Amino acid sequence: MNRYPKRDDLRAMSGYHSPQVSVKVRLNTNESPIAPPAEFLQALAAAVGDVRWNRYPDRAALELRTAIGALHGVGADNIFVGNGSNEVLQAVLLAYSGAGRTVATFEPTYQLHAHIARITGATVVSGRRDANFMLQADEVQRVLSTHAPHVTFLCSPNNPTGMAEDPALIQSTIDNAPGIVVVDEAYAQFSPHTALSYINEDSRVAVSRTFSKTWSMAAARLGYVVGPNWMIEDLEVVTLPYHLDALKQRAGIIALQFLQHMEHGVQAVVAERERLIAAMQTMPLTVWPSQANFILFRPNKAAAAGNSANAVWQALLDGGVLVRDCSSWDGLDNCLRVTVGTASENDAFLVALRSALSARD
Ligand code: PMP
């Protein structure tokens with residue numbers, strides 16, 4: 001092998017992966033458990049024939065951005081679209097972080113924020129959540145005044161801990177941050193809060209959203225940011241030409257026509273989430289509250305008879321259910337995360353979990 005060394009600052013890094021094990025019940029990556037409606041598929045199939053496949057797509061994705069803007073009561077010039085919200089976050093970090101700049105996160109949180117920031121060459125500084133995984137204003141203030149970050153990330157609801165940030169905390173972070181504030185709202189539809197109302201031309205706020213969770217379109221890879229127009233222009237500078245293919249643009253426009261279907265799906269997931277939490281609270285677990293489509297939990301040491309989250313994770317997998325093992329993440333000792341699935345998937349999870357825990361009594 002004649003490998004060539006990658007950048008020095010990337011040496012210690014590995015890629016970000018969630019294992020894609022072939023298993024009956026997959027509750028590890030927070031997708032929607034509900035498929036898009038048949039009408040969506042019919043319209044998409046028709047759209048395949050309408051695409052001019054020999055031509056590049058609309059580089060500005062104007063029709064899609066206009067449709068997304070209409071959903072939020074803003075214009076296309078306040079919307080930037082990308083291949084999943086991860087790519088959108090990458091664009092924000094390419095534009096505003098990079099070598100010599102600083103990015104703040106509050107751990108534990110979505111690992112990709114720090115990961116992408118480091119790939120751009122930025123220095124990552126981390127604040128901490130409190131013992132209940134809530135973010136406190138004095139901790140935010142400490143990080144802002146010590147490090148003056150160029151980009152500050154909030155994640156609301158926070159992955160993997162589950163709760164939305166207090167609106168007063170979001171407001172004070174925006175008021176006090178010296179740079180850009182990104183509010184990652186991948187799970188906002190499952191929660192009562194959104195930071196969208198903080199966006200105006202004088203604000204330095206970007207709210208990111210995704211089609212992967214509530215719009216039942218994780219396979220398509222589509223996400224967007226809502227922000228002031230000057231920011232959208234900056235993001236266009238760092239984006240490759242024609243980055244969003246023509247069919248995906250159509251898929252997004254068509255999906256937006258099924259708003260009701262999405263909203264029903266969200267209600268169903270929220271109801272299932274509460275049912276799961278209630279059932280899990282009867283088991284020897286610590287279960288954190290959630291305003292998202294997943295639940296963080298930790299097997300009690302006594303009940304697990306010294307067995308780790310890894311052992312429970314394996315027992316669940318042996319029972320045909322894949323959840324996310326978060327136990328190696330900073331601040332999440334012995335924690336697992338389960339995505340809310342369909343009622344029958346959730347039933348299968350509860351059965352497997354009960355049996356995994358009782359095997360360890
Ligand atoms: N933000 C958060 C908080 C997430 O949990 C995820 C998905 N795991 C994403 C962004 C990325 O979603 P996507 O790239 O599928 O839009």
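What you see below is based on every heavy atom in this structure, not just the backbone, and it leaves out hydrogens, waters and symmetry mates. No experiment lies behind these values; they were computed from the predicted model shown.
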* **Interatomic distance, Asn176 atom CG to Ser145 atom OG [nearest 0.5 angstrom]** => 8.5 Å
* Just wondering, more than 12 heavy atoms not from Arg7 lying within 6.0 Å of its CZ? -> yes
* Heavy-atom count around Arg204 CZ within 6.0 Å, excluding the residue itself: above 12? -> no
* **From CG (Leu62) to CD1 (Ile79), nearest 0.5 Å** => 11.5 Å
* Asked: Tyr198 versus Ser203: any side-chain heavy-atom pair under 4.5 Å?
  -> no
* **Test item: side-chain donor near acceptor, Asn310 and Gln314, under 3.5 Å** => no
* **Whether Thr29 side chain and Glu31 backbone form a donor-acceptor pair below 3.5 Å** => no
* Side-chain heavy atoms under 4.5 angstrom apart, residues restricted to Ile, Leu, Val, Met, Phe, Trp, Tyr: same cluster for Met134 and Val140? -> no
* Side-chain donor/acceptor of Thr214 to backbone N/O of Met262, under 3.5 Å -> no
* Asked: Do Pro108 and Asp330 come within less than 4.5 Å of each other through their side chains, counting heavy atoms only?
  -> no
* **Euclidean distance, Asp325 CG relative to Asn334 CG, rounded to 0.5 Å** => 9.0 Å
* Would a hydrophobic clustering, with Ile, Leu, Val, Met, Phe, Trp and Tyr connected at side-chain separations under 4.5 Å, put Leu317 with Val351? -> no
* To do: May I ask you to decide if Glu165's main-chain N or O and Ser156's side chain share a donor-acceptor pair within less than 3.5 Å?
  => yes
* Asked: Is there a salt bridge (charged side-chain N to carboxylate O under 4.0 Å, His left out) between Arg221 and Glu87 once you walk through the steps?
  -> CA-CA 9 Å; Arg221 311 299 300 122; Glu87 191 182 61; over 6 Å; no
* Examine Leu336 and Val23 and state if one hydrophobic cluster contains both, with Ile, Leu, Val, Met, Phe, Trp and Tyr joined whenever side-chain heavy atoms are less than 4.5 Å apart. => yes
* Asked: Where the side chain of Glu345 meets the backbone of Val25, is there a donor-acceptor pair that is under 3.5 Å apart?
  -> no
* Asked: Per the side chain to side chain contact (heavy atoms under 4.5 Å, CB included) rule, which among Val182, Leu135, Thr109, Thr105 passes with Leu154?
  -> Leu135
* To do: Kindly say whether Arg101 contributes a backbone atom to a donor-acceptor pair with the side chain of Ser97 at under 3.5 angstrom?
  => no
* Asked: More than 12 foreign heavy atoms under 6.0 Å from CG of Asn2: is that the case here?
  -> no
* Asked: Quick one: NZ on Lys6 to CE on Met13, what's the gap to the nearest 0.5 Å?
  -> 9.5 Å
* Asked: If you measure from CE on Met231 to CD1 on Ile180, what distance do you get to the nearest 0.5 Å?
  -> 4.0 Å
* Asked: For the side chain of Arg337 and the backbone of Val323, is there at least one donor-acceptor N/O pair under 3.5 Å apart?
  -> no
* **Rounded distance [0.5 Å steps], CZ in Phe297 versus SG in Cys326** => 9.0 Å
* Structure fact -> Test side chain to side chain contact (heavy atoms under 4.5 Å, CB included), reference Arg273, set Val338, Asn346, Val340, output is Val340
* salt bridge (charged side-chain N to carboxylate O under 4.0 Å, His left out) between Glu139 and Arg129, worked out -> CA-CA 8 Å; Glu139 174 64 353; Arg129 292 168 181 278; over 6 Å; no
* Is any side-chain heavy atom of Leu247 less than 4.5 Å from a side-chain heavy atom of Leu44? -> yes
* To do: Could you go through the side chain to side chain contact (heavy atoms under 4.5 Å, CB included) check for Asp234 and Val238 one step at a time?
  => CA-CA 7 Å; Asp234 290 346; Val238 300; over 6 Å; no
* Given the rule that I, L, V, M, F, W and Y join up when any side-chain heavy atoms are under 4.5 Å apart, are Tyr56 and Val81 in one cluster? -> no
* Asked: Tell me, do Asn30 and Lys213 make a side-chain contact under 4.5 Å, heavy atoms counted?
  -> yes
* Asked: Quick one: does Pro160's side chain get under 4.5 Å of Trp329's, heavy atoms only?
  -> yes
* Within 6.0 angstrom of Arg11 CZ, more than 12 heavy atoms from elsewhere -> yes
* Does Phe153 offer a backbone N or O that forms a donor-acceptor pair with the side chain of Asp184 under 3.5 Å? -> no
* Heavy-atom pair of closest approach, residues Leu244 and Ala61 -> CD2-CB, 4.3 Å
* Would you call the rings of Tyr110 and His113 parallel, tilted or perpendicular, where under 30° means parallel and over 60° means perpendicular? -> perpendicular
* Evaluate the criterion salt bridge (charged side-chain N to carboxylate O under 4.0 Å, His left out) for residue pair Arg52 and Asp58; output intermediate values, then yes/no. => CA-CA 11 Å; Arg52 298 175 71 204; Asp58 174 15; over 6 Å; no
* Asked: Around atom CD of Glu201, are there more than 12 heavy atoms of other residues, nucleotides or ligands at under 6.0 Å?
  -> yes
* **Side chain proximity check, Tyr224 to Phe211, heavy atoms < 4.5 angstrom** => yes
* Asked: Would you say the side chains of Gln171 and Asp175 form a donor-acceptor pair under 3.5 Å?
  -> yes
* Gln90 side chain to Ile116 backbone, donor-acceptor under 3.5 Å -> no
* Could you tell me whether a side-chain N or O of Asn229 sits under 3.5 Å from a main-chain N or O of Asp77, the two making a donor and an acceptor? => yes
* Is there a path of hydrophobic side-chain contacts, each under 4.5 Å between heavy atoms of I, L, V, M, F, W or Y residues, that connects Leu259 with Val74? -> yes
* Does any non-hydrogen side-chain atom of Leu222 lie less than 4.5 Å from one of Leu64? -> yes
* Is any side-chain heavy atom of Asn158 less than 4.5 Å from a side-chain heavy atom of Phe133? -> no
* To do: Would you check if the side chain of Arg298 reaches a backbone N or O of Asp333 as a donor-acceptor pair within less than 3.5 Å?
  => yes
